[in-house]
Undergrad: 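Shown below is the structure under consideration.
Counting starts at 1 for both ligands and their atoms, in listed order. Predicted model, so just to flag it, every value in this text is computed and none were measured.
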Amino acid sequence: MKSMPYRCPVCKSELSIEAGVGLRCSNAHTFEFVEGTTIPLFDSENSDANEYTISNAAEIHENALRWVFNTYSTSEEELRENLLSRLRLVAGQKVLITGVGGGNDLPYLAGKVGKNGIIFAQDYAGEMLLSAVERSADIYGLAEYNIEFSISDATNLPFHDGYFDAVFHFGGLNLFSDVAAGISEMDRVVKDGGRVVFGDEGLAPWLKDTDYGRMIINNNPLLNFSAPLEHIPTTARHLNLSWDPSYCFYIIDYTAAKEPLPLNIDVPHVGTRGGSIRTRYFGQLEGVDPDLKAALYAEAKKRGIDRVSFLEAILRDGLERKDDNG
Ligand SMILES: C[S@@+](CC[C@H](N)C(=O)[O-])C[C@H]1O[C@@H](n2cnc3c(N)ncnc32)[C@H](O)[C@@H]1O
Ligand SMILES: [Zn+2]
């Protein structure tokens, strides 16, 4: 590991390497390496917690993937390229994949960041992560690429803010214990202007109440999930929502930003009412006598000025006169 990308997931402080042991933070939280490796084990799903922690999990997951590609008449390459191209990676970049599973995205990611780039791959299930480690070398021939694996929780990532050029997730988000945290963590660890792409099962809404939809939801109730738009970071820019394959998995991609969306709340409205977003939101007054209100509006019209400007002038005048009287 060249520099320390990790931070303590418990207290968020810096970590340092303890030779032969693992990682330790200044508050004495320690994280061991998986035996015989330098793969840090920050946190892991309890064994037998779900289908990804049982033995043979990777093989079962691989069979499920083949079923998806055959059923929806697509190929793994077509689907993964469609998803990963949205990261807009260039050679030499740093990318994180959360819930990497059996590592099927790794050869595609390696092709994009090249041997000077670096891929961080994490999963909460040790069984899945270790299968990705093995497959990346044995099946995908990626031993010469920089891939840093960890066992950790995608809803509490052990990485510094803004560390990555891009972050990717596919296939596990719906069942994360905290979907909002899964998304906000991806957003936190990507740099300003970086790309975030994620997707999971979720049939497009217009297909749910059709024979097509009812059949496939009956077959796999996870298809009834919807894109978690309510959890998108408020700073996200240029967001796209789409579905693939066959409108069965939602895909969200956006460009991360650290600044709020631009909004000038002081641009004056031209017209009868006048005012601005600020005056309308923060400057609301108490109710007044309706006849007085009607008279005020009529007088503003007669003078050819907007209501807000007229009202503000009267109020300022009244307040100043009170000051004059002491
Ligand atoms: C359906 S698999 C998808 C694997 C891979 N992304 C793919 O496209 O083939 C979902 C993965 O998400 C992982 N996962 C579930 N909850 C997680 C969490 N909180 N943090 C990290 N990974 C998690 C599971 O262990 C599993 O490997
Ligand atoms: Zn700590």
Undergrad: Testing the 3.5 Å rule here: is there a donor-acceptor pair between the side chains of Asn240 and Ser242?
TA: no
Undergrad: Does the pair Glu299/Arg303 count as a salt bridge with the N-to-O cut at 4.0 Å?
TA: yes
Undergrad: For Val100 and ligand 1, answer yes if some heavy atom of the residue is under 4.0 Å from a ligand atom, otherwise no.
TA: yes
Undergrad: Could you find the nearest protein heavy atom to atom 27 (O) of ligand 1 and give me its residue, atom name and distance?
TA: Asp123 OD2, 2.7 Å
Undergrad: What distance do Lys258 atom NZ and Asp192 atom CG have between them, rounded to the nearest 0.5 Å?
TA: 6.5 Å
Undergrad: Need the ligand 1 atom indices (1-based, order shown) with element for anything under 4.0 Å from a heavy-atom of Gly101.
TA: 4 (C), 27 (O)
Undergrad: Nearest protein heavy atom to atom 2 (S) of ligand 1, by residue and atom, and its distance?
TA: His61 NE2, 3.3 Å
Undergrad: Could you find the nearest protein heavy atom to atom 1 (C) of ligand 1 and give me its residue, atom name and distance?
TA: Tyr52 OH, 2.9 Å
Undergrad: Around atom 15 (C) of ligand 1, find the nearest protein heavy atom and jot down its residue, atom name and distance.
TA: Phe176 CE1, 3.7 Å
Undergrad: May I have the angle between Cys8 SG and Cys25 SG with its vertex at the Zn ion (ligand 2), rounded to 10°?
TA: 120°
Undergrad: Please name the atom of His29, restricted to N, O or S, that is closest to the Zn ion (ligand 2).
TA: ND1
Undergrad: Counting heavy atoms only, name the option from Glu45, Gln122, Glu62, Met128 that's nearest to atom 21 (C) of ligand 1.
TA: Gln122
Undergrad: Would you find more than 12 non-hydrogen atoms of other residues, nucleotides or ligands less than 6.0 Å from Arg273 atom CZ?
TA: no
Undergrad: Indicate whether the side chain of Ser13 and that of Arg7 have a donor and an acceptor atom separated by less than 3.5 Å.
TA: no
Undergrad: With heavy-atom distances below 4.0 Å as the criterion, list the atoms of ligand 1 near Asp153.
TA: 18 (C), 19 (N), 20 (N)
Undergrad: Quick one: nearest non-hydrogen protein atom to atom 20 (N) of ligand 1, plus distance?
TA: Ala154 N, 2.8 Å
Undergrad: Please verify the inter-ring angle class for Phe168 with Phe170; under 30° counts as parallel, over 60° as perpendicular, anything in between as tilted.
TA: parallel
Undergrad: Show your working on ring-ring contact (aromatic ring centres under 6.0 Å, His included) between Tyr212 and Tyr247 and close with a plain yes or no.
TA: CA-CA 11 Å; Tyr212 177 91; Tyr247 293 100; 8.6 Å; no
Undergrad: Parallel, tilted or perpendicular: which fits the ring planes of Phe31 and His29, with parallel below 30° and perpendicular above 60°?
TA: tilted
Undergrad: Under 4.0 Å from ligand 1, counting heavy atoms only, is it the side chain of Ile97, its backbone, both or neither?
TA: neither
Undergrad: Less than 4.0 Å between a side-chain N and a carboxylate O, is that true for Lys94 and Asp165?
TA: no
Undergrad: Using a 4.0 Å heavy-atom cut-off, say whether Phe170 meets ligand 1 through its side chain, its backbone, both or neither.
TA: both
Undergrad: Going by the atom numbers of ligand 1, which of them fall below 4.0 Å from some non-hydrogen atom of Arg80?
TA: 7 (C), 8 (O), 9 (O)
Undergrad: In terms of residue, atom name and distance, what is the protein heavy atom nearest to atom 22 (N) of ligand 1?
TA: Tyr124 N, 3.3 Å
Undergrad: Can you report which non-hydrogen protein atom sits closest to atom 12 (O) of ligand 1, along with the distance?
TA: Gly99 CA, 3.8 Å
Undergrad: Above 12 or not: heavy atoms from other molecules or residues under 6.0 Å from CG of Asn63?
TA: yes
